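Here you go, one structure.
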Amino acid sequence: MRIRKISMNRRDIVLGLAAGSIIPVSGCAQNDALGRSQLQLVSQNQLMSLSQQAWTDALQRERVLRDPGYNRRLQRVGANMVSSTGMTDLDWEFVVIDSDQVNAWVLPNGKVAFYRGILDIMEEDGHIATVMGHEMGHVAGRHAAERASQQRASQIGLQIAGALLQQQGVNFDQNMAAALGAGVTYGVILPYSRQHEFEADRLGVDYMVGAGYEPHQAIDFWLAMSTLHQDASFEFMSTHPSDEARVDAMRAHIASRGYS
Ligand SMILES: [Zn+2]
């Protein structure tokens, strides 16, 4: 599928605004996993088709590791975690990429990639569950769609200003795809906001506890990650900065839930 370009002229924008179709009031949706409402201007269909495209491209570009040891581990933790999240409607897939990179990512359609490099530093299944839970938290939190929606809203804002001077298209472009979490297609994965990171951490801990893993393994893992040097192979750290505030927030969450 080619990335769709949505072109709007000034008249469309004016009509769209009048009809409320550009930034509808209903663009804010309640997210029960987060307990807050969020801007959602991206349709589920758009999200799913871009994610599918990104997944296909990633599997073509990267070398998939077939080693049964790595795969058994990832599948085992993945299956446990999916049941715990309750997001069983997605067509989950867990793939190991044969690369030294310390990285992992998930697409909104439930396609998960862990690189050999990150699995090699995960001594316990609980460490895999930590990252898996965090990534699944981004999915449940609909963070990719929220980020893309915020970007879209600001694009439209610029667009309306620009339309007074010239007729310009709103491009459903590379940045938008990256914002949707489909940026893997272009080798660009945009970092999430701090709020999204904290939310994903909390959900991740809940999911791993629900799946029977020990929550202290999340603390152990993030502490270990924060002490590793942020060299070029640490892609994961560039999109998931680990710091004291995050670890403290996780500890507070574990205590408030009464997990031990
Ligand atoms: Zn994250």
Side-chain angles (χ1 to χ4, degrees), residues 31 33-36 38 42 47 51 54-55 58 74 77-78 81-82 84-85 87 90 92 94-95 97 101-115 117-119 121-122 126-151 175 177-184 187-209 211 213 215 217-226 228 230 233-254:
N31 183 314
L34 302 177
R36 67 173 174 87
Q38 56 186 177
V42 180
L47 195 58
S51 301
W55 182 243
L74 191 64
V77 177
M81 293 298 287
V82 167
S84 175
T85 65
M87 293 186 288
L90 290 177
W92 292 93
F94 307 94
V95 161
I97 306 291
Q101 259 192 48
V102 176
N103 200 7
W105 44 259
V106 65
L107 293 169
N109 60 346
K111 308 300 180 190
V112 181
F114 271 62
Y115 291 63
I118 201 168
L119 285 168
I121 60 172
M122 293 170 154
H127 299 155
I128 302 177
T130 296
V131 170
M132 187 82 82
H134 176 93
E135 298 296 331
M136 288 174 167
H138 282 311
V139 175
R142 297 179 161 277
H143 288 158
E146 184 176 29
R147 183 175 54 186
S149 300
Q150 286 161 347
Q151 227 180 53
N175 283 339
L180 277 168
V184 62
V188 199
I189 305 268
L190 294 183
Y192 287 103
S193 70
R194 226 170 144 68
Q195 181 192 15
H196 285 172
E197 286 304 295
F198 279 85
E199 286 175 344
D201 283 345
R202 287 197 295 271
L203 287 169
V205 167
D206 291 345
Y207 296 153
M208 71 188 283
V209 170
Y213 299 101
Q217 294 193 316
I219 304 295
D220 295 348
F221 179 77
W222 287 113
L223 283 177
M225 288 293 272
S226 68
L228 292 171
Q230 298 196 14
S233 66
F234 277 67
E235 260 300 307
F236 188 74
M237 295 307 289
S238 68
T239 52
H240 293 87
S242 179
D243 57 39
E244 239 173 86
R246 277 187 64 192
V247 171
D248 287 350
M250 252 182 280
R251 283 200 173 107
H253 179 69
I254 289 169

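What's counted below: heavy atoms across the whole structure, side chains too, no hydrogens, waters or symmetry copies. Indexing begins at 1, ligand by ligand and atom by atom, following the structure's order. All values derive from a computational prediction rather than experimental measurement.
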### Query
Quick one: salt bridge (Lys or Arg N to Asp or Glu O under 4.0 Å) partners of Asp206, sequence neighbours excluded?
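With neighbours one apart ignored, the set is Arg257.
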### Query
Does the side chain of Gln38 pick up a donor-acceptor pair with the side chain of His143 at under 3.5 Å?
no
### Message
At less than 2.8 Å, would any N/O/S atom of His134, backbone or side chain, sit next to the Zn ion (ligand 1)?
### Response
yes
### Message
Any donor-acceptor pair under 3.5 Å linking the side-chain atoms of Glu197 with those of His138?
### Response
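Note: His138 and Glu197 side chains meet the donor-acceptor criterion.
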### Query
So which N/O/S atom does Glu197 have closest to the Zn ion (ligand 1)?
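Going through the N, O and S atoms of Glu197 one by one, OE2 ends up nearest to the Zn ion (ligand 1).
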### Query
side chain to side chain donor-acceptor pair (under 3.5 Å) with Tyr207: which residues, sequence neighbours excluded?
none
### Task
Answer yes or no for His196: is there an N/O/S atom below the 2.8 Å cut-off from the Zn ion (ligand 1)?
no
